[in-house]
Protein chains: 2
Amino acid sequence: MSKRIGVLELAVLGLLHESPMHGYELRKRLNSVLGTFRAFSYGSLYPCLRDMLGRGWIAEDGAVDGAPALTGKRAKIVYRLTAEGKERFQQLLTEIGPSAWEDDDQFGVHFAFFARTEAEVRLRILEGRRRRLEERLDYVRASLTRTRERLDSYTLELQRHGLESVEREVRWLNELISSERAGAAPRAGDSSQVSPTEPFGDPSPAGSPS
Amino acid sequence: MSKRIGVLELAVLGLLHESPMHGYELRKRLNSVLGTFRAFSYGSLYPCLRDMLGRGWIAEDGAVDGAPALTGKRAKIVYRLTAEGKERFQQLLTEIGPSAWEDDDQFGVHFAFFARTEAEVRLRILEGRRRRLEERLDYVRASLTRTRERLDSYTLELQRHGLESVEREVRWLNELISSERAGAAPRAGDSSQVSPTEPFGDPSPAGSPS
DNA sequence: GTTAGCATGTAAGGAGTTACATGATTTT
DNA sequence: AAAATCATGTAACTCCTTACATGCTAAC
């Protein structure tokens with residue numbers, strides 16, 4: 001039960017929600033929106049599109065408003081979201097199950113579309129994810145205490161780094177959760193030169209630091 | 001070309017190198033050694049064992065020296081590494097290819113068995129991994145600079161966190177690499193109560209296991 | 001006019017999971 | 001003697017990748 005939904009399908013629905021696109025472009029946007037999380041190949045994208053077309057969630061769309069006007073011919077196949085597709089997308093986002101936090105990728109994709117997700121659902125996903133990670137921490141820490149004498153220093157170091165990574169993600173979730181409860185958007189400030197132009201909650205226009 | 005080797009196979013070889021074990025135990029050790037990295041189910045382990053048996057890398061082993069003596073009957077099937085298996089293991093560890101750093105899991109498993117890996121190979125893997133991550137950073141940062149205006153604050157936050165994670169791993173690798181060059185073992189100190197008992201170059205076969 | 005990149009696909013298969021099925025042994 | 005957990009497996013399936021095959025179009 002609780003069929004495992006492919007990451008790809010949800011991502012495609014989410015991207016087409018913004019604007020119609022053809023496959024090639026979709027794949028690029030996909031890999032850029034998901035950032036370090038995940039990368040997809042055409043070999044998985046096109047069959048997925050064919051499937052979704054068959055199920056009526058997307059439809060072909062010849063030369064629409066937003067698309068660049070071509071010389072007349074078109075080799076491109078632009079897809080747009082149908083009404084059923086929009087419904088499906090909302091359903092996938094709202095009817096969350098453990099899949100949204102069990103799996104790293106699933107969580108990543110869900111998070112990527114948080115802007116289109118109800119506040120309540122966002123909170124449940126974040127909290128579910130946090131709980132899941134804390135369970136992992138408990139489990140790993142316990143088995144580490146039991147077996148650490150038998151592990152060489154490299155294995156230990158791997159464990160240590162792994163634990164630290166998960167702890168870090170928990171802290172991140174903590175911040176996000178209190179942000180959410182306060183009704184604010186995530187900070188999304190600075191880092192390198194990443195600055196929010198269209199925030200959601202608070203505008204802080206930064207120049208263009210090359 | 002360069003057949004992609006399953007993570008599982010290498011891990012099994014590595015674990016059986018320490019001592020003979022039966023499937024159930026193997027799976028537990030597997031998930032404990034790999035820590036937060038990866039978890040396996042029986043449905044993948046047993047078929048893998050069957051395969052490896054067929055290829056002659058492991059063999060059944062009725063009640064050997066290290067194993068607990070049973071009442072006479074045995075339902076357990078204890079596997080041990082054959083000579084070919086040992087050779088295969090060393091080959092997999094030494095004949096590294098991109099697989100050792102391209103894929104997160106592959107890198108994790110390779111790292112887990114660094115204690116049995118030549119210093120030179122360790123260094124190459126660490127550096128390969130670092131380079132790979134830096135390429136990812138470049139790519140993501142570039143596409144982020146191009147498209148950051150179009151991203152909502154959640155997507156941005158996801159990107160930011162992703163970047164930070166990778167940057168953190170690069171710093172970790174930097175430390176490991178200079179450690180390696182200095183000829184030392186990784187620090188593996190503190191954290192919770194994790195303390196190094198066996199500092200480095202001794203794969204001593206631990207006194208009496210239970 | 002040829003390389004580079006855009007664009008769309010398919011066939012084969014890898015690596016693993018879930019869910020099921022079954023029995024032995026230890027604990028309560 | 002019931003419940004837990006140890007122990008071994010199989011069948012069907014999922015989701016995605018690699019490698020291939022093909023053509024168009026923009027740049028040099």
Side-chain angles (χ1 to χ4, degrees), chain A residues 1-12 20-31 34 37-54 58 60 62-63 67-79 97-99 102-106 108-109, chain B residues 1-12 20-31 34 37-54 58 60 62 67-79 97-99 102-106 108-109 210:
Chain A
M1 44 188 79
S2 90
K3 233 205 289 191
R4 199 183 190 76
I5 304 318
V7 175
L8 189 47
E9 184 185 302
L10 180 56
V12 167
M21 260 178 271
H22 58 271
Y24 194 86
E25 202 183 344
L26 248 166
R27 190 240 184 182
K28 280 196 303 182
R29 288 275 295 147
L30 217 58
N31 294 341
L34 297 184
F37 255 109
R38 196 109 181 39
F40 291 98
S41 59
Y42 299 116
S44 42
L45 177 58
Y46 285 114
C48 176
L49 286 172
R50 197 212 302 129
D51 255 44
M52 295 173 71
L53 198 65
I58 60 177
E60 290 187 30
L70 290 165
T71 46
K73 254 181 175 175
R74 75 176 162 107
K76 297 184 191 182
I77 303 173
V78 177
Y79 295 97
S99 33
E102 292 285 355
D103 181 55
D104 293 12
D105 293 332
Q106 281 286 346
V109 178
Chain B
M1 44 188 83
S2 91
K3 235 207 286 194
R4 202 185 189 75
I5 303 320
V7 175
L8 189 47
E9 185 186 301
L10 180 55
V12 168
M21 260 178 270
H22 58 269
Y24 194 86
E25 203 184 345
L26 248 167
R27 190 239 182 182
K28 280 195 304 182
R29 289 275 295 147
L30 218 58
N31 294 341
L34 296 184
F37 255 110
R38 195 111 183 36
F40 291 98
S41 59
Y42 300 115
S44 44
L45 178 57
Y46 285 114
C48 176
L49 287 173
R50 197 212 302 128
D51 256 44
M52 295 174 71
L53 198 64
I58 59 177
E60 291 189 28
L70 290 164
T71 45
K73 253 183 181 175
R74 77 180 160 107
K76 298 185 190 181
I77 301 173
V78 177
Y79 295 98
S99 35
E102 292 286 355
D103 180 55
D104 293 12
D105 293 332
Q106 281 286 347
V109 178
S210 147

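Each chain gets a letter, A, B and so on, in the order its sequence line appears, and its residues count up from 1. Remember, it's a predicted structure, so these values are computed and weren't measured experimentally.
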Quick one: [X] [atom1] to [N] [atom2], roughly how many Å, whole number?
| X | N | atom1 | atom2 | result |
| --- | --- | --- | --- | --- |
| B/Leu49 | D/dG9 | CG | P | 8 Å |
| B/Asp51 | C/dA15 | CG | P | 11 Å |
| B/His22 | D/dA7 | NE2 | C1' | 7 Å |
| B/Tyr42 | D/dT8 | OH | C1' | 10 Å |
| A/Met52 | C/dG9 | CE | C1' | 17 Å |
| A/Arg38 | D/dC15 | CZ | P | 11 Å |
| B/Leu45 | C/dA15 | CG | C1' | 14 Å |
| A/Asp105 | C/dT17 | CG | P | 14 Å |

So which heavy atom on A/Leu49 is nearest to which on A/Gly23, and how close?
->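 Scanning both residues, the minimum pair turns out to be CD1-CA, 4.1 Å.
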Over all heavy atoms of both residues, which pair between B/Asn31 and B/Ala39 is shortest? Give the atoms and the distance, please.
->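 It is OD1-CA, 3.3 Å.
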How long is the span from the OH atom in A/Tyr46 to the CG atom in A/Leu26, to the nearest 0.5 Å?
->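 Going from OH on A/Tyr46 over to CG on A/Leu26, the span is 8.5 Å.
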Kindly compute the distance separating CD1 (A/Ile58) from CD1 (A/Ile77), expressed to the nearest 0.5 Å.
-> 10.0 Å
Closer to the 5' end of DNA chain D via nearest nucleotide, is it A/Ser44 or B/Ser44?
-> B/Ser44
DNA chain D nearest-nucleotide lookup for B/Gly43 and B/Lys28: closer to the 5′ end is B/Lys28
Do B/Met21 and B/Tyr79 have side-chain heavy atoms sitting under 4.5 Å apart?
->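 No, their side chains stay 4.5 Å or more apart.
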Just call it for A/Gly23: base, sugar-phosphate, or nothing, with non-hydrogen atoms closer than 4.0 Å on any strand.
->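 Here A/Gly23 touches the backbone only, sparing every base.
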With a non-hydrogen cut-off below 4.0 angstrom, is A/Arg27 in contact with a base, only sugar-phosphate, or nothing?
-> nothing
Options D/dT17, C/dT10, C/dA7, nucleotide nearest the side-chain atoms of A/Lys76 = C/dA7
Is any side-chain nitrogen or oxygen of B/Tyr46 closer than 4.0 Å to OP1 or OP2 of D/dT8?
->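 Answer is yes, contact under 4.0 Å.
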Would you say C/dC6 has OP1 or OP2 under 4.0 Å from some side-chain N or O of A/Tyr24?
-> yes
